[in-house]
Amino acid sequence: MFKGGYAGHVLRIDLDTGGSSVEPLDPKLVEKFLGGRGLAAYIYYEEVGPEVNPISPENKLIFCVGPLTGAPAPATTKTSLATKSPETGRYLCTNAGGWFGPHLKFCGYDAVIIEGRAPRPVYILIEDCNISFHDAADLLGKTTTEVNQILSGRHRCRPEQVVSAGPAAERGVVFANLQAGDRSFGRGGAGLVLISKNVKAILAKGAGSVGVAYPKEFTASAAEATRVARETRTGHTKYGTAQYVGAMNELGAFPVRNFQTTTLPEYKKITAEAIKERFFTHNKGCYRCPVACAQYCYVKDGKFLGAKSDPEYETIGAFGGMCAVTDLAAIVTANMLCDEYGLDTMSTGALIALAMELFERGVITEKDTGGIILRFGNAEALVEMVTAIAQRQHVGNLLAKGMRGIAEAYPEYQDIMMHVKWLPLAAYDPRAFYGNALTNGTSSRGACHNVGGWSIRAELLTKEYDRFAVEGKGLLIKKLQDTRAYIDSLGICTVVRGGYGFTEEPEGRILEYLTGLELTSQLTTIGERIYTLERLILVREGVTGRDDMLPGRLMREPLPDGPAKGHVMDQAKYTGLLNDYYRARGWDEEGRPTGETLAKLDLVNYV
């Protein structure tokens with residue numbers, strides 16, 4: 001059926017019956033949604049209705065790989081996942097690198113749909129065409145690292161081929177993630193969804209390979225993509241994503257003290273350079289990655305001696321900037337604990353920052369925290385709170401419910417709850433570059449710097465756009481979102497996409513050499529179709545233009561200092577941005593795709 005790239009099969013696992021079935025992948029879906037995130041969104045639209053509770057048996061976990069996932073080319077590592085989020089109550093798309101996705105493809109599947117609820121705790125082994133369920137009683141309570149090590153030893157594979165939920169999910173934390181080895185399906189609480197199905201882990205072990213339509217041409221194109229990635233991503237190899245910590249501080253875009261300011265006086269203590277000087281041990285890459293951006297750290301002395309992890313920019317921003325903690329050893333430790341417990345570092349950091357502000361305002365006290373002095377800058381308190389959340393102790397029990405839970409407890413403080421659609425913001429302040437306001441406001445999964453369109457390069461680094469301008473930002477963010485949607489659907493890491501020619505104006509023929517299909521010229525349209533389908537899902541789940549608004553703090557409090565001093569994303573400004581964006585998208589004033597737009601994108605049947 002397919003000449004290359006696609007396995008041609010969808011695996012459906014029914015936990016209620018303990019059975020599984022294989023369905024053919026419809027070639028028409030490939031032409032419309034590509035694979036990965038796009039295919040996952042389509043299946044979600046068809047099978048997960050707006051009435052479904054995130055932790056009910058009716059919710060589904062939909063893992064999808066792209067045509068490039070597992071192919072012999074650079075960083076063909078990504079797996080996309082769609083489910084209904086326990087954190088936001090709405091559609092969630094998330095992805096992870098590592099080895100899990102490539103091995104799903106090697107097993108012969110483009111998608112795996114997990115539905116129902118097992119009668120007892122199990123883990124799932126997908127080994128080529130054999131699907132088996134194994135007792136997981138001995139895995140309960142264990143950390144993700146322990147589970148992945150146990151199962152990789154038991155089944156003779158890499159730990160990175162195992163996806164597992166940690167103790168935080170077992171205790172019902174709504175932002176509990178899934179660890180794919182040492183990579184993460186990080187946002188939205190997919191770990192809790194897996195545990196709610198009585199599944200502790202999934203292991204993929206395949207002996208197959210990815211077919212290639214034109215091997216000679218594909219191999220040459222892959223070699224060129226590798227060369228370009230190595231030459232143009234030296235900063236990622238040397239410093240990883242932590243390279244942005246210094247730049248964001250110097251540009252006044254680094255949120256500090258729960259977005260009260262963008263100035264962290266001692267920020268140099270938590271930069272990529274500080275990592276290299278004091279903590280760095282080695283790089284690590286995902287499947288077939290020539291960049292190896294992960295910067296592994298080890299704490300060699302002090303109160304956090306022995307901690308080890310690879311903190312990304314977002315983690316440093318959440319624990320360092322938002323919580324005003326400049327002890328890098330504490331950040332490495334908090335990151336390690338999140339990985340072990342199975343917690344999203346971004347939501348964890350944002351919620352602790354909110355709790356720190358509430359503590360300093362006297363809203364919560366030492367009685368609520370179990371004696372923890374929860375002030376900004378307190379490194380020990382930061383680390384203690386990660387455990388308190390995972391174990392649901394004291395105020396950690398409230399934070400474990402996410403922004404929705406805190407809003408129910410303290411509705412009068414919603415202005416300082418830094419989220420959109422209940423997903424906490426990443427470590428960028430929209431008041432410092434206005435496109436980022438749309439990025440957070442219109443992202444398909446709630447506030448997100450990636451799905452929503454990473455405008456940092458265009459607005460802050462290259463300065464192609466005036467960061468404080470309103471005009472033109474709607475079209476900019478639309479293009480970035482559409483591009484990211486098709487990138488996530490290909491199955492590659494976005495860090496290397498330039499080497500492939502996958503940009504806002506895609507070029508090259510590697511996709512044709514892989515699949516035999518003429519898809520490259522259609523990629524931006526496919527990306528737009530995917531993003532519009534995701535918006536239809538959100539509309540069906542009750543989202544309107546009102547839900548695209550930003551937190552009150554960003555719209556009412558001007559930045560008090562730094563390079564963006566005095567700037568605020570007020571209502572008039574943001575309404576102008578939002579209207580410009582809706583026009584660029586072909587959506588109405590409530591953020592609903594118009595009939596004309598749906599017809600253009602061949603989505604009329606999805607209303």
Side-chain angles (χ1 to χ4, degrees), residues 11-21 52-63 79 81 83-87 92 94 96 100 103-104 107 112-127 130-181 184-185 188-205 337-344 387 389-392 397 400:
L11 172 65
R12 188 178 295 272
I13 296 174
D14 186 340
L15 295 169
D16 290 329
T17 64
S20 63
S21 59
V52 170
N53 184 294
I55 57 173
S56 70
E58 290 72 33
N59 194 13
K60 303 187 180 187
L61 285 158
I62 305 161
F63 295 93
T79 313
L81 167 62
T83 190
K84 184 165 284 187
S85 165
E87 185 173 13
L92 171 68
T94 183
F100 179 73
H103 274 269
L104 283 183
C107 288
V112 177
I113 304 168
I114 300 175
E115 57 192 22
R117 177 178 288 154
R120 68 184 192 283
V122 299
Y123 69 88
I124 302 169
L125 173 62
I126 303 171
E127 187 168 10
N130 300 307
I131 315 302
S132 55
F133 303 87
H134 301 260
D135 184 75
D138 64 321
L139 302 178
L140 297 180
K142 287 185 166 36
T143 68
T144 60
T145 297
E146 290 172 333
V147 171
N148 295 355
Q149 291 290 349
I150 289 169
L151 295 186
S152 63
R154 187 177 295 173
H155 297 284
R156 298 185 179 182
C157 68
R158 300 178 65 109
E160 294 90 347
Q161 291 169 232
V162 182
V163 169
S164 65
E170 295 178 35
R171 292 187 175 92
V173 180
V174 300
F175 46 94
N177 70 7
L178 287 173
Q179 285 293 121
S184 306
F185 293 96
L192 179 53
V193 178
L194 187 70
I195 285 293
S196 76
K197 296 184 173 301
N198 250 345
V199 178
K200 177 68 172 177
I202 311 163
L203 189 155
K205 185 180 179 182
L337 291 173
C338 282
D339 289 349
E340 297 291 350
Y341 289 131
L343 288 171
D344 172 21
T387 295
I389 291 170
Q391 297 183 353
R392 303 197 69 153
N397 185 54

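In this structure a side-chain-to-backbone donor-acceptor pair under 3.5 Å is present from R392 to R171. Q161 contributes a side-chain N or O that, together with a main-chain N or O of A204, makes up a donor-acceptor pair within less than 3.5 Å. Checked by atom type and distance alone, the side chain of D16 never pairs as donor or acceptor with a backbone atom of G116 at under 3.5 Å. Side-chain N or O atoms of K200 include one that pairs as donor or acceptor with a backbone N or O of A165 at under 3.5 Å. Not a single donor-acceptor pair under 3.5 Å links the side chain of K205 to the backbone N or O of C157. Counting only distance, with no hydrogens or angles, the side chain of R117 and the backbone of N198 share no donor-acceptor pair below 3.5 Å. Under the 3.5 Å distance criterion, the side-chain polar atoms of K197 are left unmatched by any main-chain donor or acceptor of L15. Under the 3.5 Å distance criterion, the side-chain polar atoms of E115 are left unmatched by any main-chain donor or acceptor of K60.
Nearest approach of F185 to N177, heavy atoms of both residues: O-CB, 3.3 Å. Here the closest heavy-atom approach between residue G18 and residue F133 is recorded as O-CE1, 3.1 Å. For N59 against P54, the heavy-atom pair with the smallest separation is ND2-O, 2.8 Å. Smallest separation of non-hydrogen atoms from A168 and A176: C-CB, 4.1 Å. When all heavy atoms of L11 and S20 are compared, the pair lying nearest together is CD1-CB, 4.1 Å. Minimum interatomic distance between V173 and I389 (heavy atoms only, all atoms of both residues): CG2-O, 3.6 Å.
For the pair I114/I124, a side-chain contact is recorded, criterion being any heavy-atom separation below 4.5 Å from C-beta on. Using a 4.5 Å cut-off on side-chain heavy atoms (C-beta onward), K84 and V193 make no contact.
Under the side-chain contact (heavy atoms from CB on, under 4.5 Å) rule, F100 has a single partner from V162, L203, I202, which is I202. For the side-chain hydrogen bond (donor to acceptor under 3.5 Å, both in side chains) test with S164, the passing option among T144, T145, N148 is N148; the others fail.
Remark: the S85 side chain and the E87 side chain contain no N/O donor-acceptor pair separated by less than 3.5 Å.
In this structure, CD1 in I113 is found 11.5 Å from OG1 in T83, a value given to the nearest 0.5 Å. The CG atom of L178 sits 10.0 Å away from atom CG of L192, with the distance rounded to the nearest 0.5 Å. Rounding to the nearest 0.5 angstrom, the gap separating the NE2 atom in H103 from the CD atom in E127 is 11.0 Å. Within the model, atoms CG of L125 and NE2 of H134 stand 4.5 Å from one another, a figure rounded to the nearest 0.5 Å. Between L139 atom CG and K142 atom NZ the span is 7.0 Å, to the nearest 0.5 Å. Distance check: D138 CG to I150 CD1 gives 6.5 Å after rounding to the nearest 0.5 Å.
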